[in-house]
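Beneath this line is the structure, given in structure tokens, with notes to follow.
Sequence lines set the chain letters: A, B, ... in the order given, protein chains first and strands last, and positions in each chain run from 1. For the numbers below, each heavy atom of this structure counts, side chains included, while hydrogens, waters and symmetry mates do not.
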Amino acid sequence: MIQEALREIQRGTAEIIDGERIEKLLKNYYENGQTYTVKAGFDPTAPDLHLGHTVLLQKLAIFQKYGAKIQFLIGDFTAQIGDPTGKSATRKTLSALDIEENAKSYKEQVFKILDPEKTEVVFNSDWINALGAAGMLSLTTTFNVARMLERDDFDKRYKSGTSISISEFIYPLLQGYDSVHLKSDIEIGGTDQKFNLLMGRHLQRAYEIGKEQAVLMMPILEGLDGVQKMSKSLGNYIGVSEEPNEMYGKILSISDELMWRYYELLSSQTLDEIEVLYVNVNNGSVHPKTAKEDLALEIIERFHSKEAAEEAKTEFQRVHANNEIPTDMEEFELSESPIWIAKALVECKLTPSTSQARRDIKQGAVKIDQEKIEEEQFQMQSGEYILQVGKRKFAKARVK
RNA sequence: GGUGAGAUAGUCAAGUGGCCAACGACGGCGGACUGUAAAUCCGCUCCCUUCGGGUUCAGAGGUUCGACUCCUCUUCUCACCA
């Protein structure tokens, strides 16, 4: 049992510091029923989660399965400073109201993965405000500037003469102090958080609370392209609140190779189950598409529902495999009658300009009621039509 | 504060008086193909109802028959010096 737990906990991790300690905690849980705490900090600046963020949450869910109590920390105090990690310039601060708002939508999304019974949501302003000037001062005596400057991002900024605010030095200290206050047994975070995570160990030692947290780091999830990290700004992400149909299509579009990475980091299936699947796909008894479909279904079910997932699958089948029309599409009332086809496409937002529309027609991408349009000058008479550009863009148009 | 370099379409990046709506790469879109919105191959990629017209190469002026390309000023970025 402990072995299984350990395997699942180690699954997909980038690095574990003090793995022995984790082993001891598990042993203690299975032999004495003693639970332990796992801390994970979240910055309330970005409440719009995508699958990349859920890698950490999945890991937390696994810990819950094996006896952990999660300390889900919302860094409302530290958000006022802004985490300097990976940043090349000082960040602007957030208002208290923004933070409160963000924290709220955070919780909604997070409990789709975590078990609320085994999760304690905490705000670090609770104890950091209580620290006071004296407490803060003594916190700063535990570390020195030289070591702080060893941090890669600080180092670069210092050398290039980019401003580093003193408050940014405080940030890792405060994050570490959270671990002191919460007496965390384990803290998990992304690989980019290494410095901050280790600070927790350092401070727990300095404050002599009798333990030093183990640290577990998860890799950054690759985006749909399989190369760059998943991020909103790169547009290669799957948001947790996206429509089921969108999610389904996006997951199916990843490469077969990337699929296994997603299985490892995102699926709730056990390693053994995945291993079996992997073998079956490789020996040809299971089609890779089936494996990908199952992954898509699992993920959609997690954020929506089983029915929604099944519907998305049916819909995808209909539109892409059978070349049929989707069940739902946007409807538009057109301005003229009769209307030039290129203009109609622009009005239905299927193409950004009439020039683009004409190119699409020339390339044979435009269909009305499933019929390909060859003639650029085509005029639409009054009636209701289904317009289509390419395989994926549909609209219902009404000509008066 | 001084000197030098630079600012080109979504991004990167060619072009240094007409052959430029502007090479190329990436991205995006479309077509073929496919288990897929993957991979591969092909095409398109400023706007305008089109063998034509309009507006572009940081901004404003100027030189010229003609400028993204030359000159002046302005703004911003970068490098070196102080």
Side-chain angles (χ1 to χ4, degrees), chain A residues 51 88-89 156 159-162 222-239 242-263 277 280-297 299-300 309 312-326 334-368 370-380 387-395:
Chain A
L51 290 187
S88 52
K156 279 194 192 117
K159 280 185 179 146
S160 73
T162 313
E222 294 85 353
L224 298 174
D225 50 44
V227 180
Q228 291 183 282
K229 66 168 189 177
M230 182 175 284
S231 89
K232 201 163 189 176
S233 52
L234 291 172
N236 61 354
Y237 71 103
I238 303 176
E242 276 190 65
E243 291 300 313
N245 288 345
E246 284 295 309
M247 281 191 177
Y248 194 88
K250 283 184 179 179
I251 293 169
L252 242 61
S253 80
I254 64 175
S255 69
D256 289 359
E257 200 187 337
L258 187 62
M259 165 173 81
W260 297 114
R261 179 81 170 151
Y262 278 26
Y263 258 112
L277 184 65
N280 285 340
V281 167
N282 277 348
N283 70 21
S285 61
V286 171
H287 200 289
K289 191 190 178 193
T290 312
K292 214 174 284 179
E293 283 171 343
D294 290 346
L295 178 66
L297 289 174
I299 289 171
I300 296 167
K313 183 179 176 180
T314 316
E315 184 77 359
F316 190 87
Q317 188 71 19
R318 173 210 295 273
V319 177
H320 297 285
N322 306 343
N323 278 318
E324 288 173 31
I325 301 164
L334 299 182
S335 61
E336 299 169 24
S337 171
I339 184 165
W340 178 39
I341 177 69
K343 220 169 221 169
L345 292 174
V346 172
E347 285 189 17
C348 292
K349 296 181 188 154
L350 294 178
T351 99
S353 67
T354 58
S355 294
Q356 181 63 47
R358 289 195 284 124
R359 276 181 226 119
D360 286 335
I361 294 166
K362 213 174 285 176
Q363 295 185 120
V366 176
K367 289 180 189 166
I368 297 178
Q370 308 268 58
E371 292 283 323
K372 190 184 281 184
I373 298 303
E374 314 271 0
E375 192 197 337
E376 253 177 72
Q377 296 304 324
F378 188 83
Q379 298 290 323
M380 292 171 68
L387 299 179
Q388 179 180 358
V389 177
K391 290 178 192 139
R392 303 182 51 207
K393 287 177 285 193
F394 294 89

Inter- and intrachain pairs under salt bridge (charged side-chain N to carboxylate O under 4.0 Å, His left out), touching residues 343-358 of chain A, at least two apart: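 Qualifying pairs, neighbours excluded: A/Glu336-A/Lys343, A/Arg358-A/Glu376.
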Mate of [N] where both pairing distances stay under 3.5 Å, Watson-Crick or G-U:
N: B/U3; value: B/A79
N: B/U11; value: B/A25
N: B/U16; value: none
N: B/G30; value: B/C42
N: B/C73; value: B/G59

Taking side chain as C-beta onward, heavy atoms only, is A/Ile251 less than 4.5 Å from A/Ile299?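 Yes; the side chains approach each other to less than 4.5 Å.
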State, yes or no, whether a side-chain contact exists between A/Trp260 and A/Leu277 at a heavy-atom distance under 4.5 Å.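 They are in side-chain contact.
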On a whole-Å scale, what distance lies between the [atom1] atoms belonging to [N] and [M]?
N: B/C76; M: B/A60; atom1: C1'; answer: 15 Å
N: B/A7; M: B/G59; atom1: C1'; answer: 11 Å
N: B/A39; M: B/C47; atom1: P; answer: 26 Å
N: B/U45; M: B/A82; atom1: C1'; answer: 49 Å
N: B/U69; M: B/C81; atom1: P; answer: 32 Å
N: B/C12; M: B/C57; atom1: C1'; answer: 15 Å

Protein-nucleotide distance ([X], atom [atom1]; [N], atom [atom2]), rounded to Å:
X: A/Ile361; N: B/C44; atom1: CD1; atom2: C1'; result: 14 Å
X: A/Leu258; N: B/A39; atom1: CG; atom2: P; result: 11 Å
X: A/Ile254; N: B/A38; atom1: CD1; atom2: P; result: 12 Å
X: A/Leu295; N: B/G35; atom1: CG; atom2: P; result: 20 Å
X: A/Glu257; N: B/A38; atom1: CD; atom2: C1'; result: 11 Å
X: A/Lys343; N: B/C47; atom1: NZ; atom2: P; result: 16 Å
X: A/Ile341; N: B/U50; atom1: CD1; atom2: P; result: 17 Å
X: A/Asn236; N: B/G10; atom1: CG; atom2: P; result: 21 Å

Rounded to the nearest 0.5 Å, how far does CD1 of A/Ile325 lie from CD of A/Gln370?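 Atom-to-atom, A/Gln370:CD and A/Ile325:CD1 are 4.0 Å apart.
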Separation between CD of A/Glu315 and CZ of A/Arg318, rounded to the nearest 0.5 Å: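 Reported value, rounded in 0.5 Å steps: 5.5 Å.
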Partners passing ring pair (Phe, Tyr, Trp, His ring centres under 6.0 Å) against A/Trp340 (at least two apart in sequence or in another chain):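 Ring pair (Phe, Tyr, Trp, His ring centres under 6.0 Å) list for A/Trp340, sorted by chain: empty.
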Taking the basic N atoms (NZ, or NE/NH1/NH2) and the acidic carboxylate oxygens, is any pair closer than 4.0 Å for A/Arg261 and A/Glu257?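 Salt bridge flag = no for A/Glu257 with A/Arg261.
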So, is A/His287 near the phosphate of B/G35, with a side-chain N or O under 4.0 Å from OP1 or OP2?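 For B/G35, neither OP1 nor OP2 has a side-chain N or O of A/His287 closer than 4.0 Å.
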Indicate, with a heavy-atom threshold strictly under 4.0 Å, whether A/Asn245 touches base, sugar-phosphate, or nothing.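 The answer is base, as A/Asn245 lies within the cut-off (heavy atoms under 4.0 Å) of a base atom.
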Examine the base of B/U50 for any acceptor or donor lying under 3.5 Å from a partner atom in the side chain of A/Arg358, and report the outcome as yes or no.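 Looking at the base of B/U50, it does pair with a donor or acceptor on the side chain of A/Arg358 (distance under 3.5 Å).
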All N/O contacts under 3.5 Å from nucleotides 23-33 of chain B to the protein, with atom names and distances to one decimal?
unit_1, atom_1, unit_2, atom_2, d
B/C33, N4, A/Lys391, NZ, 3.2

Quick one: which of B/U50, B/A37, B/G35 gets closest to the side chain of A/Glu376?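 Among B/U50, B/A37, B/G35, the one nearest the side chain of A/Glu376 is B/U50.
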Just compare B/C47, B/A37, B/G35 and give me whichever is closest to any side-chain atom of A/Ser353.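 Output: B/C47.
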Cation-aromatic face contact A/Lys367/A/Phe394, 6.0 Å, 45 degrees: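 So A/Lys367 doesn't make the cation-pi contact.
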